[in-house]
Structure formats: structure tokens, C-alpha cells
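Reading through the C-alpha cells given below for one structure.
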Amino acid sequence: MDNKRSTFTGKLGFVLAAAGSAVGLGNIWRFPYLAAQYGGGIFLLVYILLAVTFGFALMTAEIAIGRKTGLSAIGAFKVLNKKYTFIGYIASIVPMIILPYYCVIGGWVTKYLAAFISGSAQNAATDGYFGTFISSAGEPVIWFLIYAGLTAIAILLGVNKGVERVSKIMMPILVVLSLFIAIYSMFIPGAIKGVLYYITPDFSKFSVKTVLAAMGQLFYSMSLAMGIMITYGSYMKKDVNLESSVKQIELFDTGIAFLAGLMIIPAVFAFSGGDESALSAGPSLMFITLPKVFESMWGGTFIGILFFVLVLFAALTSSISLMETVVSIFCDKLNLNRKITCVFVLIGTILIGLLSCFGYSIWAEVKIIGMQMLDFFDFISNSVIMPIVAFLTAIFVGYVIKPKTLVEEVELSAAFKQKTLFTIVIKYIAPVCIVLILVSSVLSAFGIIKL
């Protein structure tokens with residue numbers, strides 16, 4: 001049995017792999033529809049402000065905890081203070097909940113890629129195509145199984161051979177393709193109104209919901225409060241500049257999310273004749289809008305294939321990090337063989353993921369607090385457990401082990417230029433903000449308050 005911990009080869013490998021984790025469906029699928037729903041430019045502004053303050057502090061803390069201990073979430077908190085091991089357990093629940101339904105959405109992406117490759121691009125551009133697909137009982141399950149299998153194969157290759165090598169190829173391709181499609185979308189006739197909606201903050205559209213949505217997106221998009229960055233930090237060498245790495249990961253993450261919005265929101269305005277009500281399509285926005293963009297292009301089928309390859313790459317890097325985290329947790333806790341653990345995790349992912357698959361078809365009438373299965377899993381992980389983990393982590397770092405402990409870890413490789421910001425956010429700003437977000441989102445979900 002060989003459970004010796006792998007490490008990334010250096011800063012580039014770490015940044016690209018961790019950015020690959022952060023950049024995924026949260027950026028390309030989720031960010032644009034939230035920006036569309038919550039005011040465009042004002043949502044973008046709030047998100048960026050949160051990313052460079054709260055996001056920076058929490059990501060730095062998580063990676064530093066991982067590197068300091070060389071362990072994933074449960075072991076890391078136990079080593080730092082036995083009484084707070086429970087934080088690691090709670091954090092470990094998050095990727096276990098997200099991974100199955102994330103693979104379901106990854107299956108949707110795989111289906112669209114196959115549709116474009118097989119010459120069905122024109123059908124994919126019709127309004128009812130997506131709804132018909134997800135409401136069928138069999139086909140979504142097949143694509144879900146294919147996607148989950150691809151994720152498991154990458155994990156079986158190991159950290160260096162799997163995640164790092166794949167991310168080094170995926171991330172540059174992702175950036176180039178996103179930029180190309182975003183530029184094209186901006187120049188579709190009628191798209192300029194959408195560009196202005198997206199990049200111009202309209203403070204009259206600011207609300208508590210805008211902040212809640214932006215903060216929730218921050219957790220989801222940057223892989224925060226789910227043990228992933230602690231796990232990735234445990235693979236990070238001591239001589240890699242931690243602060244600089246965090247900033248580069250955030251730049252990748254926010255840049256791809258921004259470009260994804262430019263791909264989709266201007267196109268929505270162009271194809272709806274400037275009708276803002278078309279922005280309310282929600283989770284289906286990408287799947288409805290972008291096939292129409294590609295249909296309008298010269299060589300659109302080829303561009304569509306490239307795009308869905310891009311999205312599949314982005315999705316895989318994130319699902320790889322989710323599964324890697326779950327596998328690492330079981331390996332560390334139970335001292336199990338990595339390959340056997342991976343197979344065990346894959347089986348569990350399939351069994352739980354079927355709930356989300358069938359939630360749009362044979363179990364469409366089954367709802368929990370008014371939500372379909374996939375939406376419920378997303379709510380529990382993203383709006384309840386992740387804020388709890390983030391709050392507990394902030395309290396743990398701010399008042400139990402003290403910020404100085406992690407500042408010293410960061411300074412092993414270089415001077416920590418923003419240690420004052422880090423300390424203030426972790427000790428004072430983050431705990432208050434997170435409690436407000438958690439309480440508001442839960443009360444809103446149960447209909448007790450209307451935001």
C-alpha cells in the first residue's frame with residue numbers, strides 16, 4: 001500500500017491545478033445567470049469587491065492550513081487543535097454533497113458536446129431542446145455516468161499525473177476560447193445593450209439579494225469552505241509563494257467568470273430583441289443562449305464544439321478536485337488504498353447523483369421545501385453548510401490558533417504583503433458577514449422573510 005502524499009511540481013503546477021478547481025461550471029454556467037438575474041453591473045462590482053477581500057482572506061487561510069499540516073480538512077483541524085476537528089468533518093460533507101449533482105450537470109455539458117459533434121447543432125439551438133433532454137428518464141443518466149467515469153479516471157492517474165497535467169493543458173485553452181467567444185458575442189447586432197447592462201453598475205438594482213447571490217457564488221466558484229483548498233494546500237511545497245499563488249488563482253477565477261458573462265448576457269439581449277425578461281431563464285440560460293450564438297456564426301458548429309470542449313474541461317477540473325478531496329479524506333482517515341477508495345467514491349457518487357438526474361423526470365413532483373432535488377442539494381451545500389464552515393474557519397483562525405500562526409506559514413516563502421487585510425477580514429469582517437448571509441438565505445428559503 002502506497003499512501004505517500006504527492007506534491008505539485010512547483011508554483012505553476014499548483015496555481016493551474018488550484019485554478020482548475022476554482023474555475024468550472026460555477027464560472028461558466030452559474031456566474032452568468034446570477035449576474036443576469038441580479039442587476040448585471042452591480043452584481044459584478046459586488047462580486048469583485050468580495051473576491052479581493054473576503055475571498056482572498058479565506059482562500060489564503062485554507063491553503064495555509066493545508067500546507068502547514070500536510071493533511072486534508074479533517075486531519076488538518078485535528079493537528080491544529082483537537083477540539084475543533086469537527087470543522088474538518090463538516091467541511092468534508094460539502095464536496096460529498098456537491099460532487100454527485102455537479103457530475104449530473106457535467107453530463108449535460110457532455111451531451112451538448114456530443115450533439116454538436118454529431119451534427120445536431122441546429123436542433124440544440126431550438127427553445128425546447130434542453131427541457132426535453134433533462135425531463136427524459138434515461139438519457140441524462142447515461143451522460144451522467146460517462147462524465148462521472150471520466151472524473152474517476154483522472155483521479156486514478158494520481159495528483160501529478162492526473163490533476164496537474166490535465167490543468168496545465170486545460171487552463172490556457174479555456175482562457176483563449178473564452179476570450180474569442182466573448183468578443184464575438186459582444187459584436188452580434190443588438191448586443192451592445194447587454195454589454196452595457198453587464199459592465200455598468202446600476203445602484204438602483206442593488207439589494208440584499210445581490211450581496212447574498214454574490215457571496216454564495218464566491219463560495220461555489222472559488223471552491224471555498226469545502227475542504228478543497230486545504231487539500232490542495234497540503235500538496236503545496238513550502239518554497240512556493242502562497243500569497244502570490246492565491247492572487248493568481250483569484251485572477252484566473254474572476255477573469256473566466258467575467259468572460260463567461262460577456263459570452264452570454266450580450267447574446268441574450270441580441271436574440272431577445274433587447275427584452276430584459278429573457279435574463280430570468282436561470283440555470284438553463286447558457287444551454288438556451290449559446291447554441292443560438294453558434295448557429296449565427298460562420299463555422300458555428302466547429303466553434304460550438306470548441307466551446308463545449310472548453311466547458312467540459314472546466315467542469316472536469318472542478319469535479320476532479322471535488323473527487324480528489326473526497327478520496328483524500330477517506331485515505332487520510334481510514335488509511336485505505338487510493339485506487340480502492342476511488343472506486344468506492346465513484347459508486348457513492350453515482351447512487352446519490354441519480355436523485356438529481358431523476359429530479360427533472362420521474363421524480364419531478366418530489367420537492368423538498370419547494371425545491372427539486374438538484375436545487376435542494378445546491379441550496380444545502382452552497383447556502384447552508386458552506387457559510388457555516390466559512391464562519392467556523394474564520395473564528396478558528398481569528399480566535400483559536402490566531403492569524404499569526406498562518407501569517408508565519410505564508411511568510412515561509414515570501415513577505416506577506418496583505419497580512420493586515422487578512423487579519424482584519426478573518427477576525428472581524430468575515431464572521432459578521434457570513435452570519436448575516438446564512439440567516440438571510442435560510443429564512444428566505446423557508447419563506448419567513450422575502451428579500
Side-chain angles (χ1 to χ4, degrees), residues 5-23 51-77 79-80 87-88 91-92 94-95 159 163-164 167 171 218-254 317-318 320-322 324-325 328-329 332 386 389-390 392-394 396-398 401-419 421-423 425-426 430:
R5 203 162 197 82
S6 305
T7 59
F8 291 110
T9 55
K11 183 179 177 183
L12 178 64
F14 174 79
V15 169
L16 289 178
S21 164
V23 174
V52 298
T53 53
F54 180 82
F56 169 79
L58 193 57
M59 185 179 288
T60 300
E62 291 193 1
I63 293 174
I65 287 171
R67 191 173 76 170
K68 183 175 181 63
T69 60
L71 296 167
S72 54
I74 295 171
F77 281 102
V79 164
L80 292 172
I87 302 176
S92 299
V94 178
V159 175
V163 181
E164 183 173 354
S167 295
M171 296 309 297
L218 189 74
F219 288 128
Y220 191 97
S221 180
M222 291 188 178
S223 299
L224 299 175
M226 57 179 88
I228 287 178
M229 287 301 164
I230 294 176
T231 300
Y232 272 59
S234 74
Y235 299 130
M236 186 186 207
K237 291 182 177 179
K238 295 287 188 180
D239 60 353
V240 173
N241 188 318
L242 198 153
E243 181 182 12
S244 172
S245 297
V246 169
K247 289 178 180 178
Q248 288 175 16
I249 294 165
E250 286 198 308
L251 183 62
F252 260 112
D253 181 80
T254 306
T317 54
S318 292
I320 286 167
S321 69
L322 285 164
E324 167 62 33
T325 300
S328 178
I329 287 164
D332 286 348
M386 287 159 80
V389 173
L392 291 173
T393 302
F396 179 74
V397 174
I401 65 170
K402 310 295 183 184
K404 184 183 177 184
T405 304
L406 298 187
V407 168
E408 288 172 353
E409 177 64 31
V410 175
E411 290 180 336
L412 287 177
S413 51
F416 192 177
K417 296 175 184 176
Q418 291 189 288
K419 63 182 176 184
L421 172 68
F422 170 77
T423 303
V425 170
I426 283 290

Verdict with reasoning, Lys68 to Leu412, per side-chain contact (heavy atoms from CB on, under 4.5 Å): CA-CA 10 Å; Lys68 183 175 181 63; Leu412 287 177; over 6 Å; no
Residue pair Ser72 / Ile230: nearest heavy atoms and the distance that separates them: C-CG2, 4.0 Å
Distance-minimising heavy-atom pair for Ala390 and Leu58: CB-CD2, 3.8 Å
Approximate separation, where rounding is to 0.5 Å, of Thr393 OG1 and Met229 CE: 13.5 Å
Chi angles and distances behind the side-chain contact (heavy atoms from CB on, under 4.5 Å) call for Phe56, Val246: CA-CA 7 Å; Phe56 169 79; Val246 169; 3.7 Å; yes
Glu409 versus Lys238, closest heavy-atom pair with distance: OE2-NZ, 3.0 Å
Nearest-0.5 Å distance that lies between atom CZ in Phe54 and atom CD1 in Ile426: 7.5 Å
Donor-acceptor contact present, side-chain Arg67 to main-chain Val240, <3.5 Å: yes
Spatial distance of atom CD (Glu411) from atom CG (Asn241) [nearest 0.5 Å]: 11.0 Å
Smallest separation among heavy atoms of Ala91 and Ala73, with atom names: CB-CB, 4.4 Å
Distance (rounded to the nearest 0.5 Å) between Ile65 CD1 and Thr405 OG1: 10.0 Å
Crowding at NZ, Lys419 (>12 non-hydrogen neighbours, <6.0 Å): no
Lys402 and Val407, any side-chain heavy atoms less than 4.5 Å apart: no
Side-chain touch Thr60/Gln418, heavy atoms, less than 4.5 angstrom: no
Distance, nearest 0.5 Å, that separates CD of Glu62 from CD1 of Ile228: 9.5 Å
Which atom of Ser413 lies closest to which atom of Val410, heavy atoms considered: OG-O, 3.3 Å
Pairwise distance CG(Leu406) to CG(Leu242) - rounded to 0.5 angstrom: 9.5 Å
Aromatic plane relationship, Phe422 with Phe416 - under 30° parallel, 30 to 60° tilted, over 60° perpendicular: tilted
Where Leu224 and Met386 come nearest, the two heavy atoms and their spacing: O-CE, 3.5 Å
Short N-O contact, Lys417 and Glu243, less than 4.0 angstrom: no
